[in-house]
Amino acid sequence: MLTILFDGIAYGMLLFVLACGLAVTLGLMNFVNLAHGAFAMAGGYCTVALVNRAGVPFLAALPVAFLFSALLGFILERLLYVHVYRRSHLDQVLFTIGLVFMAVAAVDYVMGSAQVFVRVPPWLEGKWDVIGVGIGRYRLLVIVLCGALSLLLQLAVSRTRFGSRLRASVDDARVARGLGINVSAVFALTFAVGSGLAGLGGALGGELLGLDPTFPLKYMIYFLIVVTVGGTTSISGPFLASLLLGIGDVAGKYYVPTFGAFAIYTIMIAVLLWRPQGLFARGAAR
Amino acid sequence: MSKAAHPAAPAPTVAVAASLAGRARWHPLEVAFWLAALATVFLLPSRHLILTEIAILGLFALSLDLILGYAGIISLGHAAAFGFGAYAAGLLAKHQLIGEPLLALIASGAAATVLGLLTSVLVLRGSDLTRIMVTLGVALVLREIANRSAWLTGGADGLQGIEIGPLLGVFRFDMFGHTAYGYCLAVLFALFLLARRLVHSPFGLSLQAIKGNPLRAASVGVPVDGRLIAVYAIAAGYAGVAGALLTQTTAFASLDVFSFERSADLLLVLIIGGTGYLYGGLIGAILFKLMQDVLSALTPQYWPFWVGLLLVAIVLVGRERIGTALAPARTLAERLARRLAPHRDAWR
């Protein structure tokens, strides 16, 4: 029971790190980025290449995965995404689906279509048994790392100057621009950080979720759930949504395996009908 | 209606009726298109298998055009209705509930229409993003149900052992796809006529008004919700018929009919051809299948890459700009058509 809770929390934390970049993209620019998972996949495969092939220590590979995805996000944002911000949602959907398809096929070509796992160092394998609760060491690491990151993010958004600029831009981009905030620069940086976090999530999740070229398609719906259920106006909304989703998914798969994944989809549809702006959103004007 | 105030102008109802009739007039190019389609039945017998696929995809794209091109609903899960129709037709044939394909087709289409009716409430509310998520979610839920209820659908192995009876009790489905193509083309044409009638009616006009601005449409008295529900259900029925055709012509249905890729490919098909004039889906289906034929012969495994590249390129160049690039060709064609049939367009 508690083990499931623990696994669910680890999974939820991971989902949060994977999806929080998307929350910003959607909230800030009202941009439907279905290709967010591709950045996570980039980070994951980067780690696989470094750890499994080049023998780089696991912990050293994580920041590299972050930087790799962030750089990729930054380049793509400046080269391609900027042209699509002002377009209709249909164009954005088409564009980002196109990117996903290209990423899937390209990774298939370069890395092969088989599912791969990141080789975890021996000191992270195995479990501790604490009062009957099985605590996976790797999952503990995931929780600690992702928890720290979430805290850091929350602080960065609520306490720093950049954070207040970001919040101002999210609330009303036009007024923010009028006050002299360089919204597009704020956005480029945030997009890069968001992509980087997704990459880091992919690197960490490579062990728990498994990596294969269809990763962005498989988890796209999860990211979207996190964002739509959590709302895009705060960090804590998506965070709570991720935790709920993680625990719900793990518990659902454990207790009612025949029910499968579609409990999650049904819940998502219900939530969207009930509160289209997200469960934890303030009454946003958008 | 400022025109109506002018003393020389006819009464508004007459003017509207005339304008609708004018829009509904058959363009010579349309006639040529369908004559060409008919000709393929006799002239290209060796290509009937791929032509059948094109006809089915064309019908599927036509159904998306009804909701996207006319009513402005973005759907990322249009495969839901397609797959529902496909499984309905498969089950009807497998358990010999309705042996005759055409009747089974109608029943499957009706089933998908009901599905559309039930799920239409879900797309009424919310923004584009909510609609994208909800439609995607519905397709995923259906796929999961089909996957889990293996006793009925065969699960991941697909629905096997389907035997399709002879069409109208006379025409057997042959392995070269001659019967299948004739059948699909006839169904496509019949449903196209219906769709054409629909979009050129006041109902179709009101849909375009809703697409343009739902709030204004509501304030001039268009029942927005009712119209959207109606068109969504009709489009679902069309997609269901397309799915049923796929099952009947291949005698197989698998989970693949619900896949996200199918919905995404469909968007590409419609975008290639252009939205909002009914032929877009058909033309897009022809181009898409031909392209798939050539490209997947070169690199079968990496076909999605080219789909993706095309999508990105189309968006970056701009769909409108592609439209304007083609505009000279269109005006030329129209001018030609007018010269061929001067008396028809003279009143314009």
Side-chain angles (χ1 to χ4, degrees), chain A residues 26 30-32 34-35 38 79-80 83-84 87-109 113 213-214 217-218 220-221 224-225 227-229 232 257-278 286, chain B residues 68-69 72-77 119 121-149 259-261 263-265 267-268 270-271 275 299 301-320:
Chain A
L26 258 168
N30 196 12
F31 183 83
V32 184
L34 299 181
L79 277 184
L80 297 175
H83 302 293
V84 195
R87 302 286 188 78
S88 66
H89 277 145
L90 176 63
D91 274 345
Q92 298 172 354
V93 167
L94 292 171
F95 173 76
T96 50
I97 289 180
L99 283 185
V100 171
F101 278 4
M102 282 167 76
V104 167
V107 166
D108 193 350
Y109 180 72
S113 61
T214 58
L217 288 175
K218 246 194 294 187
M220 179 174 76
I221 188 80
L224 286 173
I225 291 174
V227 173
T228 42
V229 171
T232 52
T258 47
F259 227 50
F262 81 100
I264 297 292
Y265 305 143
T266 323
I267 293 171
M268 171 195 81
I269 292 174
V271 167
L272 281 176
L273 287 177
W274 178 39
R275 303 266 316 249
Q277 300 292 342
R286 216 182 284 282
Chain B
L68 180 65
I73 303 174
I74 303 181
S75 168
L76 256 190
T119 50
V121 231
L122 306 177
V123 299
L124 287 182
R125 288 189 61 182
S127 56
D128 284 344
L129 178 67
T130 327
R131 282 174 176 169
I132 290 170
M133 302 263 321
V134 167
T135 49
L136 188 63
V138 169
L140 285 169
V141 167
L142 284 181
R143 185 181 187 280
E144 200 61 27
I145 292 175
N147 188 20
R148 295 284 160 181
S149 37
S259 71
F260 171 74
E261 283 85 349
S263 302
D265 281 354
L267 271 176
L268 175 64
L270 190 57
I271 295 308
T275 58
T299 52
Q301 205 182 346
Y302 307 116
W303 156 244
F305 183 82
W306 304 110
V307 173
L309 190 65
L310 199 63
L311 275 170
V312 170
I314 287 178
V315 173
L316 284 183
V317 173
R319 287 185 289 132
E320 301 79 18

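Chain letters run A, B, ... following the sequence lines, proteins first, then strands; residues in each count from 1.
Contact of the A:T96 side chain with the B:L311 side chain is not registered, since no non-hydrogen atoms from C-beta on lie closer than 4.5 Å.
Heavy atoms of A:L217 lying under 4.5 Å from chain B belong exclusively to its side chain. For a residue to count as touching a neighbouring chain, one of its non-hydrogen atoms must lie under 4.5 Å from one of that chain's; by this rule A:L80 touches chain B with backbone and side chain alike. Proximity to chain A involves both the backbone and the side chain of B:L122, based on heavy atoms less than 4.5 angstrom apart. Only the side chain of B:L68 has a heavy atom closer than 4.5 Å to any heavy atom of chain A. Contact of A:H83 with chain B is made through the side chain alone, with heavy-atom distances under 4.5 Å. For A:V100, no part sits under 4.5 Å from any heavy atom of chain B, backbone or side chain.
The nearest pair of heavy atoms linking B:M133 to A:L224 is SD-CB, 3.1 Å. Minimum heavy-atom separation, A:A105 to B:F305: CB-CB, 3.3 Å.
Interatomic distance, A:T214 OG1 to B:F260 CZ, rounded to the nearest 0.5 Å: 12.0 Å. Expressed to the nearest 0.5 Å, how far CE of A:M220 lies from CG of B:L140 amounts to 8.0 Å.
Of the candidates B:D265, B:V312, B:L76, A:I97 forms a side-chain contact (heavy atoms from CB on, under 4.5 Å) with just one, namely B:L76.
Residues forming a ring pair (Phe, Tyr, Trp, His ring centres under 6.0 Å) with B:W306 (at least two apart in sequence, or on another chain): none. Residues that satisfy the side-chain contact (heavy atoms from CB on, under 4.5 Å) test with B:A139, not counting sequence neighbours, are B:A80.
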Test A:F101 against B:L310 for side-chain contact (heavy atoms from CB on, under 4.5 Å), laying out the working first. CA-CA 10 Å; A:F101 278 4; B:L310 199 63; over 6 Å; no
Starting from the C-alpha separation in whole Å, work towards a yes-or-no answer on side-chain contact (heavy atoms from CB on, under 4.5 Å) for B:I314 and A:L94. CA-CA 9 Å; B:I314 287 178; A:L94 292 171; 5.9 Å; no
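Heavy-atom pairs under 4.5 Å with chain A were tallied for B:L268, B:L309, B:V134; the largest tally goes to B:L309. Looking only at heavy-atom pairs under 4.5 Å with chain B, the residue among A:D108, A:V104, A:V32 that has the most is A:D108.
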